[in-house]
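Read through the structure below, which is laid out as structure tokens, and then see the notes.
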Amino acid sequence: AGKRLHAHATHGAHAAEANRRGWVAPEMHSADDRSGSPLVFEGLWPYWMDARDPGTVLNSFDMDGLVLLTGPNMAGKSSLMRGITVAALLANAGLYAPAVGGEVPRFDAFFLRTASFDVPAEGKSAFAMEMDDVRVMTSECSPRSLIMLDEIGRGTSSKEGSALGTALLEWLDAQGMPAVFATHLHEIEDH
């Protein structure tokens, strides 16, 4: 009974803080829904920001399938991807999310791949770490997983990074996975 009381108190604290911050409970698609319903958010903002702050940008989108997100460095691609992932994860956990509204499918896994660094203790370069993460994604995710890939190919040349990115985009599309693939390597658009 003690664990139940603790969980109830934790959920109550989340609801109170979400209410204070203006978060909502997105509508969840039925667990039986196999139609690949889109992920929709209206007025989504990064969870670490206050929506009332004049510097906070609200984003609305309807994501159905694969999205290629391009733009220059420092344009907010990574922040948007983290915000989408967190909001979808919170909704799937039955919690409130930082948005004005939303409709969220039930995902079986969440995969967010962002910046990589060398790990000398393991003898791995940033590129090796990145490829290991891609291996995990391609072997463990399904068409019911939410995939976020940020700047894949950063650990190699732009030519090889673009080729790798293009191959991953083609694979994601063939699998029918809901994914956002962010890049500033505009060479990908040429493939």
Could you tell me the separation between the CE atom of M131 and the OG atom of S125, rounded to the nearest 0.5 Å? 9.5 Å
N/O donor-acceptor pair under 3.5 Å between S145 side chain and F110 backbone: no
Separation between CE of M81 and NZ of K77, rounded to the nearest 0.5 Å: 9.5 Å
CA sep, side-chain torsions, deciding dist, call: V24, V100, side-chain contact (heavy atoms from CB on, under 4.5 Å): CA-CA 6 Å; V24 300; V100 172; 5.8 Å; no
Kindly state each residue pair satisfying ring pair (Phe, Tyr, Trp, His ring centres under 6.0 Å) with at least one member in residues 124-177, sequence neighbours excluded. none
Closest approach of M63 and V180, non-hydrogen atoms and distance? SD-CG2, 3.6 Å
In short, A91 meets V104 closest at the heavy-atom pair CB-CG2, 3.8 Å
So, R144 side chain and R106 main chain: donor-acceptor pair closer than 3.5 Å or not? yes
Measuring only between side-chain heavy atoms, which start at C-beta, is M137 closer than 4.5 Å to L172? yes
Say whether F181 and L39 are linked into one hydrophobic cluster, either directly or through other cluster members, by side-chain heavy-atom distances under 4.5 angstrom. no
Do you know the tightest heavy-atom contact between I152 and E130? CA-OE2, 3.5 Å
If I compare all heavy atoms of D62 with all of P38, which pair ends up nearest, and what's the gap? OD1-CB, 3.3 Å
Who pairs with S142 by side chain to side chain donor-acceptor pair (under 3.5 Å), at least two apart in sequence or on another chain? D108
Quick one: do L112 and L149 end up in the same hydrophobic cluster if we chain Ile, Leu, Val, Met, Phe, Trp and Tyr together by side-chain heavy atoms under 4.5 Å apart? no
Pairs where residues 63-102 contributes a residue and the test ring pair (Phe, Tyr, Trp, His ring centres under 6.0 Å) is met, not counting sequence neighbours: H14-Y96
By ring-ring contact (aromatic ring centres under 6.0 Å, His included) - contacts of F111 (at least two apart): none
Before giving the answer on side-chain contact (heavy atoms from CB on, under 4.5 Å), spell out for V134 and L164 the whole-Å C-alpha distance, their side-chain angles and the decisive distance to 0.1 Å. CA-CA 11 Å; V134 168; L164 176 63; 5.9 Å; no
Side-chain heavy-atom pair P105, L146 within 4.5 angstrom cut-off: no
State which residues pass side chain to side chain donor-acceptor pair (under 3.5 Å) with E17; sequence neighbours excluded, sorted by chain then number. R20
Single-linkage hydrophobic cluster M177~L68, side-chain heavy atoms < 4.5 angstrom: yes
side-chain contact (heavy atoms from CB on, under 4.5 Å) assessment of T114 paired with E151: CA-CA 7 Å; T114 60; E151 302 291 353; over 6 Å; no
Does any N or O in the side chain of R21 come within less than 3.5 Å of the main-chain N or O of M49, such that one atom is a donor and the other an acceptor? yes
Between V67 and L168, is there shared hydrophobic-cluster membership here, with clusters defined by ILVMFWY side-chain heavy atoms closer than 4.5 Å? no
Would you say the side-chain atoms of D173 pair up with the backbone N or O of L169, donor to acceptor, closer than 3.5 Å? no
Can you give me the closest heavy-atom contact between A51 and L58, atom names plus distance? CB-CD2, 4.3 Å
What do the steps show when you test F61 against I84 for side-chain contact (heavy atoms from CB on, under 4.5 Å), and what is the final call? CA-CA 10 Å; F61 61 90; I84 293 168; 3.4 Å; yes
Same cluster or not: I147 versus L80, using hydrophobic residues (I, L, V, M, F, W, Y) connected whenever any side-chain heavy atoms lie under 4.5 Å apart? no
Which residue pairs satisfy the side chain to side chain donor-acceptor pair (under 3.5 Å) criterion with at least one member in residues 39-51, sequence neighbours excluded? D50-R52
Minimal heavy-atom distance between W23 and A97, with the atoms involved, is CB-O, 3.1 Å
